[in-house]
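Reminder, nothing fancy here: chain letters follow the sequence lines and each chain counts from 1.
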There are 6 protein chains.
Amino acid sequence: MRSFERSSQEARPLSFEKGFNRHAEGSCLVRWGTTIVLATATIEEKVPRWIEKKGAGWVTAEYSMLPRATHQRVERESIKGKPSGRTQEIQRLIGRSLRACMDLEKLGERTIIVDCDVLQADGGTRTASINGGFVALQMAVEKLLKEEKITQNPIKDTVSAVSLGINKGEILTDLDYQEDSTCDVDINVVMLGKDQMIEIQGTGEKTSFSISQTNDILLQAQKAIEKIRKIQLEAK
Amino acid sequence: MRSFERSSQEARPLSFEKGFNRHAEGSCLVRWGTTIVLATATIEEKVPRWIEKKGAGWVTAEYSMLPRATHQRVERESIKGKPSGRTQEIQRLIGRSLRACMDLEKLGERTIIVDCDVLQADGGTRTASINGGFVALQMAVEKLLKEEKITQNPIKDTVSAVSLGINKGEILTDLDYQEDSTCDVDINVVMLGKDQMIEIQGTGEKTSFSISQTNDILLQAQKAIEKIRKIQLEAK
Amino acid sequence: MRSFERSSQEARPLSFEKGFNRHAEGSCLVRWGTTIVLATATIEEKVPRWIEKKGAGWVTAEYSMLPRATHQRVERESIKGKPSGRTQEIQRLIGRSLRACMDLEKLGERTIIVDCDVLQADGGTRTASINGGFVALQMAVEKLLKEEKITQNPIKDTVSAVSLGINKGEILTDLDYQEDSTCDVDINVVMLGKDQMIEIQGTGEKTSFSISQTNDILLQAQKAIEKIRKIQLEAK
Amino acid sequence: MRSFERSSQEARPLSFEKGFNRHAEGSCLVRWGTTIVLATATIEEKVPRWIEKKGAGWVTAEYSMLPRATHQRVERESIKGKPSGRTQEIQRLIGRSLRACMDLEKLGERTIIVDCDVLQADGGTRTASINGGFVALQMAVEKLLKEEKITQNPIKDTVSAVSLGINKGEILTDLDYQEDSTCDVDINVVMLGKDQMIEIQGTGEKTSFSISQTNDILLQAQKAIEKIRKIQLEAK
Amino acid sequence: MRSFERSSQEARPLSFEKGFNRHAEGSCLVRWGTTIVLATATIEEKVPRWIEKKGAGWVTAEYSMLPRATHQRVERESIKGKPSGRTQEIQRLIGRSLRACMDLEKLGERTIIVDCDVLQADGGTRTASINGGFVALQMAVEKLLKEEKITQNPIKDTVSAVSLGINKGEILTDLDYQEDSTCDVDINVVMLGKDQMIEIQGTGEKTSFSISQTNDILLQAQKAIEKIRKIQLEAK
Amino acid sequence: MRSFERSSQEARPLSFEKGFNRHAEGSCLVRWGTTIVLATATIEEKVPRWIEKKGAGWVTAEYSMLPRATHQRVERESIKGKPSGRTQEIQRLIGRSLRACMDLEKLGERTIIVDCDVLQADGGTRTASINGGFVALQMAVEKLLKEEKITQNPIKDTVSAVSLGINKGEILTDLDYQEDSTCDVDINVVMLGKDQMIEIQGTGEKTSFSISQTNDILLQAQKAIEKIRKIQLEAK
């Protein structure tokens, strides 16, 4: 049986506790099964140098794990002196995903930085970060609208993400850490609304997968993402 | 009026939520006013090279702030490539304080690493870290005793910490961020039980302070520490 | 018209000059259109610490661009002090792809490091690196077999890679730099033999893509990969 | 018997050789017992970015040990790639102490950097650095006054420092290396004139200390500081 | 017998393949015996800060080896985090040598960066880099003249370099790797035209050398440099 | 007139104060004109990994400038995170020079590290470091002989160094900072005894120099080195 007594097509229980951090312009504590991520959105009234004076804004993300988010404690990246390749790959994915839902010209010349800090990891930390990152981003955008710093909503659609795997031929939705370690194939899917993929990252280091399996995975991903989207929109 | 409607001698409301992180051997979420720190204790069955084969263990601490723990977002130290001087100074203080309550020979040849990660900062993050670090350390030690890896309790006493300041001649207990910015003198005191100081760090960059003022501060610190100690011992 | 006067389904002219570097156990100079990559395979008679004494070997990859591989000169990563996130992401992809074709137990306790250095970049440097990396890897394995250091060929299948994009609704095979900059969607596909995908990485930062488009892209990728595979196997 | 045949209340012989370095705006070679520190003060006609255009100046300090200042050679921090936590803690202390005696507005928009380089270490290097740093700072300020770059003396008072310890219940003034290693409690005190403390840093990792002991230590520190101050003012 | 069946006074076969890299303003692939270096010259329309607004330009060089340029693979400097001392020493030598032939005022306020990347190393990589660096530099300058960005040729003379050694009393021209490892004395000479030395770097870690030997080495170097110069000027 | 009223062939007044540092196995304070260098020699009973178990020892050097050794303060290399190219080039030169006088097998499996720290710089810091480094090295070797850790003197000869320049056609011995900045050609020469060169490093960035000029420079260098050698041998 899968954790939380769920079927192969079900994701773990997901919730967003908005406003967990009171300093940030947007924030939520994401709990997805026993994975816990704190997402905060910070508004800075400047943009990276390479897009200055183009009339558009920017959204970027940073991702990190607390040293004891994992079963075994992991050394801090501030001590190793740099973020690992895995960390950078994940934060580039989160950043691209969140930018995909934005009309950056409507945001104006400012940057929203979404920080995703994993307090406890049990699989799906990058998808939890995208889902919570969107909630925090939305709060920050609402603040800008309310303060009349912008007049039009730059958010074009929701962004939602889920991981899937193939285990002995069966497609599983939302892998926990145990499943992630044993699955043959691991695919992360990020979508805007229905049938609007913006990211797919699939890897089969142990076993290859076919084109028709990929199709089935994407159809199953779409169903999960519809539910995640609903929870994001109803979060308080 | 001070925050939380308290007198000059009162600390802010303090609580410890034990077991917040389920992977760590000990953990608690410290809430001190609106300061939030996650403290975890990790047991590693090895010691630093320089105390190997001496029959004794070691306790060390790491301290970090999430980038948006503060009013203004602060760049991650993993990106700057190294912990700042302030960070290192604080984690050396936490480490020394927690070692002061331990009989390291009774701990055996193992290390307990106490990670203090500030989720939200409103003054007193280093004292909150020491207070919560002690609670997490104690849980880890209890686990060692329960699993019969050690037979005698290495913890000799509680460790508690509080900050104090002098504002226009008045001594204030437990400064929040606002008070910390405006006080003339800032003193951190760490004690074991009654009248057993193990650390005092006082600085008066703007105004000097007299020997008799120092005496008064220490007496007032002692009263606060007695209350903190009680909350540490009763935490669940 | 596309560069090299090719149709939407055609890749650029591809060749492998084997033995370009005479020190390495395997090497080839890849020319894919005007993209030039030097791939070398180095055999080291040791494995990373975390797989020691498990009776298996390891394959890893490093990727780098010479500073003037690009239109604008880029600062060396040795001066910046660390490989960029992009570099690490690419070399993790190359490493996973090359491991996917290997039976690491048959390799024995040794490591093959595949270095992919881009001498000139015109799009497709990561797929060129995988394709040339496979050729160099194969040469190194043949050397091990010839010297009777191993008795069974650890290579299970070829590994081939291609990039595809969607431009105004049309699917293009093997994007050059110009196309890569303007395409809405960018997908890299790595396959073993027919219909055996091992990596898919697709991103649509500007425009989303549908599940059925993904299916079409994969079918078109498969055709290109069959041709690339043939060139890899016939390289001299 | 203590080194230099002195009583528990006496500091080691202390001297300042002014002008040891002829390039710096102020400099002295401090000899305190066998501890040797070269302190130089450099005037730069700019201030750190965060205090620009506020009409005030800044004083900062850097501290370092030559690799063979100690009994065992220590690796250079330029090779380790960063100043250690201990180094940063000490230079923050020196900087705060020297700023405490300054009216930074009278200094004008310029920075004085005080470099304290330990040529030979035998305990008390941080207090020797503060004492010599003050002498070098004063020379630099006198140069500014003489050249009429400033019209009012920004130095409000002397700054002097001493370390004290408790050894078997007895309070010792100015610990040498041997004493520092064996004392139970180690306290550094920095004062302006009489009864005007600006820094106290006390630690009792092995043994705790009481509030009344702290009082006695401070009274004894005050006596030592009066003598140090006299030597600073009479230095040539 | 020496490699390439040459006498003690002969250098290995040397060729320059101009335009190997099509992005750079100047480029050549240098083949000197089996040493292969890719030299590119990049024009940047700015100068380092310390020579800004002086009406003159700058020429600088960077040098690097691909990890498998050598018999044993060497770790990338981007992973070690910094160029080694040897690398920096070589690139400082190349930079000084190339500047020596330039009238930097005629170049105008721009920088030419010459990158020398060793694809395969068999001794003489620094002299090959200087010789090829000059060819690339010259192409970049010709481009500036042709585009009429400058009106006068800033190149005053050719720059050519050769290494020499003493082996059992005999002076050898252009050492390959094998000879370089066994020679007692190793001297690199850089010259403009006839009898115009601009760099000499000689070292005899194992054996000393006399003043008259130095004279003989320089006379033999001069002959080799005349031939190298001819090949540089005739390169296509 | 040159500084210290000397002729073109005379070096500045040179002295070595032996035993300046009491912790090091050998030490001297070098004063050469107004250049001041502290050289210490440290004996470590281990060798670098790459010469382990070969029965021979090693001599290495480190070189650094205090931040205010120069007219303008220079940032510490521990803050920049790494030694500069210039620093590494100089310490490689010092190390090679000191090894050239040693029979490393007679030293046994131990390392002597010579630290050269420039307290005040006025030209000639690298040659002062070699000259003082030899004096410190010799003291350390004498200590090993006296303690009977070695039985044969590994020092084969003295090592001495001097810089020379060409100024308007005239050869100058031992350049001070002012001369070094204005000379056309700058040559450093290191010798064992008479006519036994071990290092020559000459550069003519502004003007070239001829083979016969080089000869004259070396003859003049030899005369200076004879005098330096005498002062080294008579130092107390």
Quick check on the interface: out of D:Ile200, D:Leu219, D:Leu218, who has the most heavy-atom pairs with chain B under 4.5 Å?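 Sorted descending by pairs with chain B, the first entry is D:Ile200.
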According to ring pair (Phe, Tyr, Trp, His ring centres under 6.0 Å), does anything in residues 185-230 of chain B pair up with another residue at least two apart or in another chain? List the pairs.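 Residue pairs passing ring pair (Phe, Tyr, Trp, His ring centres under 6.0 Å), neighbours aside: none found.
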Pull every donor-acceptor pair under 3.5 angstrom between chain B and chain D and give the atom names with distances.
residue, atom, partner, partner atom, Å
B:Gly85, N, D:Gln88, OE1, 2.9
B:Gln88, OE1, D:Gly85, N, 2.9
B:Glu89, OE1, D:Arg92, NE, 2.7
B:Arg92, NE, D:Glu89, OE1, 2.6
B:Arg96, NE, D:Thr203, OG1, 3.3
B:Arg99, NE, D:Glu205, OE2, 2.8
B:Asp195, OD1, D:Ile211, N, 2.9
B:Met197, N, D:Phe209, O, 2.8
B:Met197, O, D:Phe209, N, 2.9
B:Ile198, O, D:Gly204, N, 2.8
B:Glu199, OE2, D:Thr203, OG1, 2.3
B:Ile200, N, D:Gly202, O, 2.9
B:Ile200, O, D:Gly202, N, 2.8
B:Gly202, N, D:Ile200, O, 2.7
B:Gly202, O, D:Ile200, N, 2.9
B:Thr203, OG1, D:Arg96, NE, 3.3
B:Thr203, OG1, D:Glu199, OE2, 2.3
B:Gly204, N, D:Ile198, O, 2.8
B:Glu205, OE2, D:Arg99, NE, 2.8
B:Phe209, N, D:Met197, O, 2.9
B:Phe209, O, D:Met197, N, 2.8
B:Ile211, N, D:Asp195, OD1, 2.9

Ignoring hydrogens, what is the shortest heavy-atom contact between B:Ala100 and D:Gly204? Give both atom names and the distance.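 For B:Ala100 versus D:Gly204, the nearest heavy atoms are CB-O, 4.4 Å.
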